[in-house]
Structure formats: C-alpha cells, structure tokens
*Asks:* 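Below: one structure in structure tokens.
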Number of protein chains: 2
Amino acid sequence: MPRIRHKSLDCSPGCAVEATLELIDGKWKGVILYHLFHGTMRFNALRKILPNVTQRMLTMQLRELEEDGFIHREIYPQIPPKVEYSLTDFGRTLEPVVMALKRWGDEHTTFGAEKKKSPALGTQGQHG
Amino acid sequence: MPRIRHKSLDCSPGCAVEATLELIDGKWKGVILYHLFHGTMRFNALRKILPNVTQRMLTMQLRELEEDGFIHREIYPQIPPKVEYSLTDFGRTLEPVVMALKRWGDEHTTFGAEKKKSPALGTQGQHG
DNA sequence: CATGACGGTATCATTTCCGATACTATGGAC
DNA sequence: GTCCATAGTATCGGAAATGATACCGTCATG
C-alpha cells in the first residue's frame with residue numbers, strides 16, 4: 001500500500017482518482033511503466049527509448065516508482081555496472097490503468113492520430 | 001482533438017499514455033471530472049466538495065478542462081451570477097480512464113483502505 | 001448604508017518540478 | 001596512461017504550478 005504524497009486527501013469521494021494520479025504522475029512514470037509491461041529493462045535501454053529524459057530525471061522517476069513498490073531494481077555487482085528494472089506484482093496491478101490511459105490517448109489525441117498514420121508501427125503488435 | 005501541452009511527444013509508443021496524463025493532470029482535474037460524471041454542477045457546489053482547492057485554482061482547472069473540450073461552461077446572466085459546469089460528449093469519453101484510476105485508488109491506496117473502514121460511505125453507491 | 005450571495009480577477013510569494021552540465025567509480029581494451 | 005562503457009550523483013538555475021490574500025460588480029435584504 002503506497003504512501004500518498006498528497007498532503008491531505010480529504011477531498012471527497014473522487015479522491016481515489018487523485019491518489020492514483022499522484023502515484024503515476026511525474027512526467028515520465030507513465031511511459032516507464034508502459035515499457036516495463038513488456039519486460040525487464042536495463043537503465044540504458046530505458047534511456048534509449050526515452051531520449052528526452054535526462055539521466056537525472058530517469059533515475060529519479062525510477063527511484064520513486066521503486067519507493068512506491070511498483071518496480072524492482074536488481075543490481076548486478078559487476079563492472080561495468082548492470083542494473084535491471086522490472087515490474088513487481090504490485091506494479092502489474094496498474095496495467096488496466098495504464099492501458100486505459102494509452103487507449104484513450106491513441107483514440108483521442110493528435111499523438112494517437114499520428115501514430116495511426118504510420119502502419120509500420122503496427123508490426124509491433126501491442127507496442128503501438 | 002485536444003492540444004497537447006507536451007513540448008515533444010516523440011517519446012516512443014508509450015507516449016499516448018503521457019499524452020492522456022498531461023490532459024487530466026493538474027492536481028484537481030481528476031476529481032473535478034469525477035464529480036461531473038454525476039451531473040452538472042455550479043461553481044460553488046464544486047468548491048464545497050473540494051474544500052482544499054482555492055477559488056483561483058478551481059477557476060483555472062475548469063478553464064483548462066473547458067479549453068480541452070472536456071467540459072461545457074454555461075453562464076446564466078443573472079444576479080447573483082450562476083454558472084453551470086457539465087461534461088461534453090468528448091469529456092464523457094474519459095469515463096473509462098477516470099474510473100480505472102478510481103478503482104485502482106480504492107483498491108490499492110491507503111485512501112481507498114480508509115474508505116473501506118467507513119461503511120457509512122457505502123450508502124452513496126457509486127460515489128464512494 | 002452595510003452585508004451577503006455568486007463567480008470570479010489580480011498580485012505576489014512560495015514550492016515544486018525539471019533541465020543542463022559536470023563529476024564519480026571501476027575494470028578492461030588500446 | 002588514456003579512453004570507453006555503465007549507472008549513476010552533485011550542483012545550480014529557471015520555469016511552471018500552486019497557494020495566500022485581497023479585491024471587484026451587482027442586486028436584494030435589513
């Protein structure tokens with residue numbers, strides 16, 4: 001049961017909505033989670049598919065996701081370092097949420113529209 | 001098709017997730033939308049169920065939701081003023097998203113847990 | 001004349017988020 | 001001895017989001 005950063009969540013019934021939003025908010029967490037649904041990834045692998053995220057931000061977002069129990073950080077004590085990120089069982093419970101977000105984005109934003117124009121992505125199956 | 005505040009959305013397939021998040025982000029939009037699913041509301045009615053939101057913030061969030069085409073603002077030219085907010089058809093397309101967020105929050109956050117401890121809220125049906 | 005209801009604005013301060021950049025550690029290859 | 005790869009930290013600064021507070025306009029009531 002993750003902590004909630006909200007100072008006071010006594011904001012009426014709909015508050016569970018905000019509580020969830022707070023946890024997956026943070027500019028890159030959604031995408032990070034989305035990619036981890038497809039499997040374990042190393043730090044630099046995430047950097048490659050998220051070229052706009054600075055190293056600092058990526059680290060921070062990953063740490064927060066870890067703190068909240070969504071992802072697991074596996075450190076292999078070797079040189080050069082190897083660190084793998086994967087979803088926890090708890091993290092997987094977010095799948096319906098993330099997928100609802102993605103589905104809506106695909107259908108209703110210009111980003112989704114652009115994507116449909118590019119059939120090459122279709123070969124990636126669930127990825128696109 | 002709403003504008004996207006993100007500067008660059010070339011952040012790989014999962015980006016539709018972020019696109020959606022950006023639109024319903026903003027600390028109070030989730031709750032506002034959630035409450036509007038239950039029907040039209042006046043400005044002060046929203047203030048009452050969201051006591052932590054300042055008037056300024058509420059106005060701003062509502063204006064952004066309006067800009068993005070999610071809600072409709074109906075002004076009745078009378079004294080004292082009356083302004084009603086309601087979801088547009090487009091706004092209603094967000095229902096699965098918001099409900100997914102709420103469901104997860106209810107089941108997995110301490111806020112949700114607290115709520116379950118309070119059976120009185122159960123009488124509110126879908127509200128709680 | 002003062003007060004209250006309603007739906008706001010305006011202004012300022014603070015907090016929080018985020019980006020850019022530089023720096024670190026270690027071992028192996030060259 | 002230098003460079004590279006990996007996974008970070010540290011520090012600084014600016015921008016954006018949010019909060020606090022005060023003010024506005026109008027009509028009705030007292």
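Labels below follow one simple rule: chain letters A, B, ... track the order of the sequence lines, proteins then strands, and each chain is numbered from 1.
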*Asks:* Return no unless some side-chain N or O of Trp28(A) is found under 4.0 Å from OP1 or OP2 of dC17(C).
*Replies:* no
*Asks:* May I have the distance from Asp25(B) (atom CG) to dT16(C) (atom P), rounded to whole angstrom?
*Replies:* 15 Å
*Asks:* Under 4.0 Å from OP1 or OP2 of dG7(C): is there any side-chain N or O of Arg42(B) that close?
*Replies:* yes
*Asks:* Hey, can you tell me if Phe90(A) and Trp104(B) have their rings parallel, tilted or perpendicular (30° and 60° cut-offs)?
*Replies:* tilted
*Asks:* Rounded to the nearest angstrom, tell me the gap between atom CD in Glu74(B) and atom C1' in dC6(C).
*Replies:* 16 Å
*Asks:* Taking for each residue the nucleotide of DNA chain D bearing the nearest heavy atom, is the 5' side occupied by Val83(A) or by Met60(B)?
*Replies:* Val83(A)
*Asks:* Atom CD of Glu64(A) and atom P of dC17(C): how far apart are they, to the nearest Å?
*Replies:* 7 Å
*Asks:* Rounded to whole angstrom units, what separation is found between the NZ atom of Lys27(A) and the P atom of dT16(C)?
*Replies:* 18 Å
*Asks:* Sequence neighbours excluded, which residues qualify as side chain to side chain donor-acceptor pair (under 3.5 Å) partners of Thr54(B)?
*Replies:* none
*Asks:* NA contact type, Tyr76(A), heavy-atom cut-off 4.0 Å: base, sugar-phosphate, or nothing?
*Replies:* nothing
*Asks:* Among dG19(C), dT18(D), dC6(C), which nucleotide has an atom closest to any side-chain atom of Gln61(B)?
*Replies:* dT18(D)
*Asks:* Nearest-Å distance, CG (Asn52(B)) to P (dA17(D))?
*Replies:* 20 Å
*Asks:* Let me check something: any side-chain donor-acceptor pairs from residues 78-87 of chain B under 3.5 Å, sequence neighbours excluded? List them with distances.
*Replies:*
| unit_1 | atom_1 | unit_2 | atom_2 | d |
| --- | --- | --- | --- | --- |
| Glu84(B) | OE1 | Tyr76(B) | OH | 3.1 |
| Tyr85(B) | OH | Arg73(B) | NE | 3.2 |

*Asks:* Round to a whole Å and report the spacing from NZ of Lys82(B) to P of dC27(D).
*Replies:* 18 Å
*Asks:* Testing the basics here: between Ala100(B) and Pro96(A), what is the closest heavy-atom pair and its distance to 0.1 Å?
*Replies:* CB-O, 4.4 Å
*Asks:* Out of dG19(C), dG8(C), dC6(C), which nucleotide sits closest to the side chain of Phe43(B)?
*Replies:* dG8(C)
*Asks:* According to salt bridge (charged side-chain N to carboxylate O under 4.0 Å, His left out), does anything in residues 85-98 of chain A pair up with another residue at least two apart or in another chain? List the pairs.
*Replies:* none
*Asks:* Got a salt bridge between Glu64(A) and Lys29(A), using NZ or NE/NH1/NH2 to carboxylate O under 4.0 Å?
*Replies:* yes
*Asks:* Starting from P on dC17(C), measure out to CD on Glu22(B) and report it in whole angstrom.
*Replies:* 15 Å
*Asks:* Under the side chain to side chain donor-acceptor pair (under 3.5 Å) test, which residues partner Thr40(B), sequence neighbours left out?
*Replies:* none
*Asks:* Any sub-3.5 Å donor-acceptor pair from Glu66(A)'s side-chain atoms to His72(A)'s backbone N or O?
*Replies:* no
*Asks:* Just to verify, what does Gln55(B) make a side chain to side chain donor-acceptor pair (under 3.5 Å) with, not counting sequence neighbours?
*Replies:* none
*Asks:* If we fit an axis to the first five pairs and another to the last five of the helix from dC1(C)-dG30(D) to dC30(C)-dG1(D), what angle do they make, to the nearest 10°?
*Replies:* 30°
*Asks:* Between Asp106(A) and Lys102(A), does any side-chain N to carboxylate O distance fall below 4.0 Å?
*Replies:* yes
*Asks:* Could you state the CG-P distance from Asn44(B) to dA5(C), rounded to the nearest angstrom?
*Replies:* 10 Å
*Asks:* What are the atom names and distances for every N/O pair under 3.5 Å that joins the protein to nucleotides 9-12 of chain C?
*Replies:*
| unit_1 | atom_1 | unit_2 | atom_2 | d |
| --- | --- | --- | --- | --- |
| dT9(C) | OP1 | Arg63(B) | NH1 | 2.7 |
| dT11(C) | O4 | Arg56(B) | NE | 3.1 |

*Asks:* Nearest-nucleotide wise, let me know which of Met57(A) and Ile79(A) is further upstream toward the 5' end of DNA chain C.
*Replies:* Met57(A)
